[in-house]
Amino acid sequence: MRWADSGNRMHRRFCPACGVHLFSEAESRPHLIFVRAGTLDDPSMIRPAATIWTIKAPPWACIDTSLPTFEGQPPPVA
């Protein structure tokens, strides 16, 4: 368990064999499970919809300016 910047409690799930971070769950949104895109066999099957947490991006980060950007966590989608 970890506290997010929003104050929500986050739970992370890891691969028992290699330890890579696979999923995240926020207690405030128990109906959602966040899958780490880099863990997918075919990451081309999904497309980014926004860039979040830009305030924490390193100076060398390449941010796609054609997507909506948020300095922190975006508001929930209805």
Side-chain angles (χ1 to χ4, degrees):
M1 193 283 299
R2 182 174 178 190
W3 292 99
D5 289 344
S6 63
N8 292 316
R9 287 172 50 145
M10 296 293 297
H11 297 275
R12 296 180 178 193
R13 306 292 183 238
F14 300 88
C15 172
C18 70
V20 73
H21 180 194
L22 299 172
F23 308 102
S24 296
E25 301 168 81
E27 286 187 4
S28 62
R29 296 189 254 178
H31 59 289
L32 296 176
I33 295 177
F34 302 94
V35 179
R36 307 298 284 195
T39 65
L40 299 174
D41 288 338
D42 181 8
S44 67
M45 64 190 270
I46 59 170
R47 296 179 99 61
T51 304
I52 63 173
W53 293 104
T54 58
I55 200 156
K56 293 189 175 191
W60 49 260
C62 298
I63 297 174
D64 185 344
T65 57
S66 69
L67 296 174
T69 60
F70 300 89
E71 286 188 351
Q73 183 69 33
V77 177

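Every value quoted in this text rests on a predicted model; they were computed, and no experiment measured them.
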Next item on the list: Verify the neighbour count for atom CZ of Arg13: are there more than 12 heavy atoms of other residues, nucleotides or ligands below 6.0 Å?
Entry: yes
Next item on the list: Identify, with sequence neighbours excluded, every residue that meets ring-ring contact (aromatic ring centres under 6.0 Å, His included) alongside Phe14.
Entry: His21
Checklist line | Qualifying residues under salt bridge (Lys or Arg N to Asp or Glu O under 4.0 Å), relative to Arg12, sequence neighbours excluded | finding: none
Next item on the list: Starting from Trp53, walk the hydrophobic network (Ile, Leu, Val, Met, Phe, Trp, Tyr; side-chain heavy atoms closer than 4.5 Å) and list everyone else you reach, by chain and number.
Entry: Ile52, Phe70
Next item on the list: For Arg9, enumerate each residue passing the side chain to side chain donor-acceptor pair (under 3.5 Å) test, keeping only those at least two apart in sequence or located in another chain.
Entry: Glu27
Item checked: Partners passing side chain to side chain contact (heavy atoms under 4.5 Å, CB included) against Asp64 (at least two apart in sequence or in another chain) -> Ser66, Leu67
Item checked: Residues clustered with Ile63, ILVMFWY side-chain links under 4.5 angstrom -> none
Checklist line | side chain to side chain contact (heavy atoms under 4.5 Å, CB included) involving Pro58 - partner list, sequence neighbours excluded | finding: Trp60, Ala61
Notebook entry, point to check: Tracing side-chain links under 4.5 Å among I, L, V, M, F, W and Y, which residues wind up in one group with Phe23?
Noted result: Val20, Leu22, Ile33, Val35, Leu40, Met45, Ile46
Item checked: Closest contact, heavy atoms only, Pro68 versus Ala49 -> CD-O, 3.3 Å
Check: Going by the salt bridge (charged side-chain N to carboxylate O under 4.0 Å, His left out) test, which pairs reach into residues 50-60, not counting sequence neighbours?
Finding: Asp5-Lys56
Note to self: Restricting to side chain to side chain donor-acceptor pair (under 3.5 Å), what partner residues turn up for Ser28, sequence neighbours left out?
What the structure shows: Asn8
Next item on the list: Report the residues that fulfil side chain to side chain donor-acceptor pair (under 3.5 Å) with Ser44, sequence neighbours left out, ordered by chain and then residue number.
Entry: Asp42
